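Here the structure comes first, spelled out in structure tokens, and everything after it is commentary.
In the text below, chain A, chain B and the rest are named by the order of the sequence lines, each starting its count at 1. Note that the structure is a prediction, hence the values are computed from the model and not measured.
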There are 2 protein chains.
Amino acid sequence: MSVALSTAQSLTLWHDVALAMVRDDEPDLSVRQVCILLTIYLEAPPHTVRDLAKKLGVTKPVITRALDTMGKLELVSRRRDDKDRRNVLIQRTVKGALYLERLADTIGNHAKRL
Amino acid sequence: MSVALSTAQSLTLWHDVALAMVRDDEPDLSVRQVCILLTIYLEAPPHTVRDLAKKLGVTKPVITRALDTMGKLELVSRRRDDKDRRNVLIQRTVKGALYLERLADTIGNHAKRL
DNA sequence: CCAGACTGTAACGGACCCGAAACAACCAGA
DNA sequence: TCTGGTTGTTTCGGGTCCGTTACAGTCTGG
């Protein structure tokens with residue numbers, strides 16, 4: 001199931017979705033934050049700070065701070081791992097799922113109109 | 001020429017491209033900055049600070065600061081309008097064109113692999 | 001049981017961004 | 001000419017994010 005996009009189509013799609021995110025009332029998430037959020041929701045748990053940092057190629061504090069911010073927005077939640085209490089497990093939330101559902105709608109709608 | 005994307009496909013595409021942007025060496029542009037950059041390159045000139053602010057639904061200083069930053073990176077350039085010297089015309093640069101070409105490649109490649 | 005390795009987090013200094021307001025340069029109509 | 005409105009920019013106070021470094025809690029093998 002391959003999707004072919006021309007250069008102009010790719011950029012138009014990205015522009016339209018970015019514009020929708022900017023005009024949105026909700027506070028803008030950075031690219032890094034969205035990337036973390038998507039990783040949590042698309043890939044199989046468990047998710048730890050260390051894993052996420054490695055996957056994104058950034059330092060651990062970057063992940064901690066992004067989780068702080070998105071935690072305030074209730075897009076993700078954290079819990080200590082009972083098996084190994086050094087670990088923190090990052091978990092999904094209802095708000096986070098809704099946020100991404102809306103994002104997917106935006107992307108899908110603009111792709112359809114290309 | 002319509003492109004149909006499922007929810008999972010939309011999110012996977014966004015995740016993969018965001019990941020590529022994060023792992024990239026170049027400094028991350030914010031969603032707002034990318035949006036401005038794309039507007040300049042996709043829509044017909046002339047582009048002024050006022051127009052961009054209106055299109056994005058943000059204040060003028062936001063545009064000025066974004067142009068400062070992207071100007072340092074040589075992704076855009078500014079020039080006074082000779083017809084009306086109050087206006088500043090925002091112009092494309094070679095670096096900016098290359099940046100967006102690379103972005104389009106990334107988007108296109110990941111779309112193809114969906 | 002304890003030293004070392006491993007977790008995630010806090011502290012620091014610097015850079016950037018925000019919105020609101022004030023500002024300087026410029027145009028255009030009376 | 002000169003005044004009111006328009007442009008883009010700067011300033012202000014407050015916030016977030018960055019990477020580095022240092023830290024505190026937790027496991028684990030000798």
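For the pair A:I63 CD1 and D:dC18 P, the computed distance is 9 Å after rounding to whole Å. Rounded to an integer number of Å, the gap from CG of A:D84 to P of D:dT26 is 10 Å. Between the NZ atom of B:K72 and the C1' atom of C:dC17 there is a distance of 12 Å, given to the nearest Å. Rounding to whole angstrom units, NZ of residue A:K60 and C1' of D:dT21 are separated by 12 Å. To the nearest angstrom, P of D:dG25 lies 18 Å from CG of A:D82. The CZ-P distance, from B:R50 to D:dT9, rounds to 15 Å in whole Å. At whole-Å resolution of the value, CG in B:L52 and C1' in D:dG8 are 12 Å apart. The separation between A:N87 atom CG and C:dA5 atom P is 19 Å, rounded to whole Å.
Heavy atoms of B:R65 sit under 4.0 angstrom from at least one base atom. Residue contacts shown for A:T48 are limited to sugar-phosphate atoms, with no base heavy atom under 4.0 Å away. Heavy atoms of A:T69 sit under 4.0 angstrom from primed sugar atoms or phosphate atoms, though from no base atom. Residue B:V58 is classed as having no contact, given no heavy-atom separation below 4.0 Å to the nucleic acid.
Contact check, B:T59 against C:dG19: a side-chain N or O comes under 4.0 Å of OP1 or OP2. A close approach under 4.0 Å does not occur between any side-chain nitrogen or oxygen of A:R79 and OP1 or OP2 of C:dG8. At the phosphate of C:dA24, neither OP1 nor OP2 sits under 4.0 Å from any side-chain N or O atom of B:R86. Contact annotation: A:R85 does not reach the phosphate of D:dG25 (side-chain N/O to OP1 or OP2, under 4.0 Å). Contact between the side-chain N/O atoms of B:T64 and the OP1/OP2 oxygens of D:dG8 is not found at any separation under 4.0 Å. Taking side-chain N and O atoms only, B:Q33 has no distance below 4.0 Å to OP1 or OP2 of C:dC16. Between B:R78 and D:dT9 there is a side-chain polar atom (N or O) within less than 4.0 angstrom of OP1 or OP2. Contact annotation: B:R32 reaches the phosphate of C:dC18 (side-chain N/O to OP1 or OP2, under 4.0 Å).
Closest approach of A:T7 to B:A104, counting heavy atoms only: CG2-CB, 3.6 Å.
Classification of A:R86 and A:D84 as a salt-bridged pair holds, one side-chain N sitting under 4.0 Å from a carboxylate O. Salt-bridge formation is detected for the pair A:D68/A:R78: a Lys NZ or Arg NE/NH1/NH2 atom is positioned less than 4.0 Å from an Asp or Glu carboxylate oxygen.
A donor-acceptor pair shorter than 3.5 Å cannot be found between the side chains of A:H47 and A:T39.
Taking NZ of B:K55 as the reference point, atom NE2 of A:H15 lies at 8.0 Å (rounded to 0.5 Å).
Between the side chain of A:R80 and the backbone N or O of A:R85, at least one donor-acceptor pair lies under 3.5 Å.
Between C:dG8, C:dA20, D:dT20, one nucleotide has an atom nearer to the side chain of A:V49 than all others, and that is C:dG8.
Taking the nucleotide of DNA chain D with the nearest heavy atom to each of A:S30 and A:R80, the more 5' of the two is matched to A:S30.
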